[in-house]
Amino acid sequence: MSWMCSGSTNAELVSNLWKNGLVKSVKVRDSLIKVDRAHFSPTNPYEDSPQHIGFDATISAPHMHAYAAEALLHRLDPGSNVLDVGSGSGYLTAVFAHIVSPGGRLVGVEHIPQLCTLSINNLQKDPAHADMLKNGTIKIINSDGRLGFEKLGPYDAIHVGAASDGIPQGLIDQLKAPGSMVIPVRNKDTQHIWKVEKDKHGDVTKTKCHGVFLPQMNYK
């Protein structure tokens, strides 16, 4: 039903995602409303499809961002520490930041330096997000995503926005116990979303979810 969700405004886009059941929780809905995709997508910001943002990168379709937020919502509370690997435009980083505020922190890791600069510029278009950059609620870091960012971990939740050839053990290690991760994984010519759950004892469960197509995770 994602093809039915495009709108002429950010509010209409989110309303359509809600009406079609792609956004299920009030917390995610309200956070999506607070983040105007026009600040992050230079073309067709309210269309429910991926859009090019330059540097051979895209911003994912809104329904994919909604799915990621819903899938990790049980780990997203005020004060949560979250890692966003392949943070790209900065859009989903901002959405997560609203969910975990006050007191939470979003660490966006992006391996393309120009995208780090772009995402910071995008975030600064909204005074609320500019304040989050200033007070440390959002941190954008140029680094190799497969390594995560151990210095600011461990993390309640990890989102990976680009497909990987496997689930990096380093990211699993940086999850809190309990903690959760959503990551697209490539297997030959197919990709699937995987959910990783680490319980309070540190035991890890990996679940293969639905098929997807996302850009491949690249390394510096």
Side-chain angles (χ1 to χ4, degrees), residues 1-20 22-23 27-72 76 82-99 101 106-133 137-142 145 159-163 182-184 191 193 212-218:
M1 288 186 291
S2 61
W3 62 90
M4 301 168 60
C5 293
S6 299
S8 58
T9 65
N10 194 64
E12 185 178 9
L13 167 66
V14 177
S15 176
N16 288 338
L17 290 167
W18 175 265
K19 287 189 294 186
N20 285 292
L22 296 166
V23 172
K27 286 173 68 174
V28 171
R29 183 195 64 186
D30 290 351
S31 296
L32 291 170
I33 288 172
K34 291 175 182 176
V35 184
D36 191 341
R37 281 180 66 90
H39 293 165
F40 302 87
S41 177
T43 58
N44 305 315
Y46 310 127
E47 184 174 306
D48 193 14
S49 63
Q51 300 295 323
H52 292 285
I53 58 173
F55 312 106
D56 294 322
T58 60
I59 179 173
S60 294
H63 72 271
M64 288 302 302
H65 285 150
Y67 170 82
E70 293 285 355
L72 293 172
L76 303 178
V82 181
L83 178 66
D84 186 16
V85 175
S87 50
S89 70
Y91 172 79
L92 190 57
T93 310
V95 172
F96 285 147
H98 281 286
I99 299 175
S101 293
L106 257 295
V107 180
V109 173
E110 174 55 58
H111 82 283
I112 301 174
Q114 297 93 328
L115 283 181
C116 291
T117 300
L118 176 68
S119 64
I120 290 171
N121 290 338
N122 290 342
L123 289 162
Q124 289 175 334
K125 295 173 185 177
D126 185 317
H129 301 149
D131 285 345
M132 288 177 174
L133 285 169
T137 299
I138 294 176
K139 294 183 178 293
I140 302 295
I141 295 163
N142 178 218
H159 168 260
V160 181
V182 171
I183 178 171
Q191 293 180 12
I193 296 290
V212 71
F213 182 78
L214 292 167
Q216 184 74 4
M217 186 185 293
N218 294 314

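Numbering of residues begins at 1 and proceeds along the displayed sequence. These values consider heavy atoms only, across backbone and side chains, with no hydrogens, waters or symmetry-generated copies. In this text, all values refer to a predicted model and were calculated from it rather than measured experimentally.
Residues Met64 and Ile193 come closest through the heavy atom pair CE-CD1, 4.4 Å. Listed here is the closest heavy atom pair of Cys5 and Asn20: SG-ND2, 3.6 Å. In plain terms, the two heavy atoms of Ala66 and Leu32 that are nearest each other are CB-CD1, 4.5 Å. In plain terms, the two heavy atoms of Gly161 and Pro184 that are nearest each other are C-CG, 4.4 Å.
Rounded to the nearest 0.5 Å, atoms NZ (Lys125) and CG (Asp36) are 9.5 Å apart. Taken to the nearest 0.5 Å, the OG atom of Ser8 stands 9.0 Å off from the OH atom of Tyr46. Separation of atoms CD1 (Ile33) and CG (Asn10) is listed at 8.0 Å; rounding is to 0.5 Å. Distance check, rounded to the nearest 0.5 Å: CG of Asn142 to SG of Cys116 gives 4.5 Å. Taking OG of Ser119 as the reference point, atom CD1 of Ile112 lies at 11.0 Å (rounded to 0.5 Å). If you take CD1 on Ile140 and CG on Leu115, they are separated by 10.5 Å, rounding to the nearest 0.5 Å.
With contacts defined as side-chain heavy-atom distances shorter than 4.5 Å, the pair Arg37/Glu47 does not qualify. Contact of the Asp126 side chain with the Lys34 side chain is not registered, since no non-hydrogen atoms from C-beta on lie closer than 4.5 Å. Inter-residue side-chain proximity for Leu123 and Phe40 is flagged as met; some heavy-atom pair is nearer than 4.5 Å. When side chains are defined from C-beta on, Asn122 does not count as touching His129, because their heavy atoms never get closer than 4.5 Å. In this structure the side chain of Gln124 reaches within 4.5 angstrom of the side chain of Asn121, judged on heavy atoms. Side-chain contact between Val14 and Arg29: present, with at least one pair of heavy atoms (C-beta onward) separated by less than 4.5 Å.
Tested against Pro62, the residues Asn16, Leu22, Asp48 include a single side chain to side chain contact (heavy atoms under 4.5 Å, CB included) partner, Asp48.
Panel note: side chain Thr58, backbone Ser60; no donor-acceptor pair is recorded below 3.5 Å.
Counting heavy-atom neighbours within 6.0 Å of Lys27 NZ, excluding the residue itself, gives a total above 12.
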In a table with atom names and distances, give each donor-acceptor pair under 3.5 Å that connects a side chain of residues 84-97 to protein atoms at least two apart or in another chain.
unit_1: Asp84; atom_1: OD1; unit_2: His159; atom_2: ND1; d: 2.8
unit_1: Asp84; atom_1: OD2; unit_2: Thr93; atom_2: OG1; d: 2.7
unit_1: Ser89; atom_1: OG; unit_2: Tyr91; atom_2: N; d: 3.2

Pair Ile59, His65 - check side-chain contact (heavy atoms from CB on, under 4.5 Å), show working. CA-CA 9 Å; Ile59 179 173; His65 285 150; 3.7 Å; yes
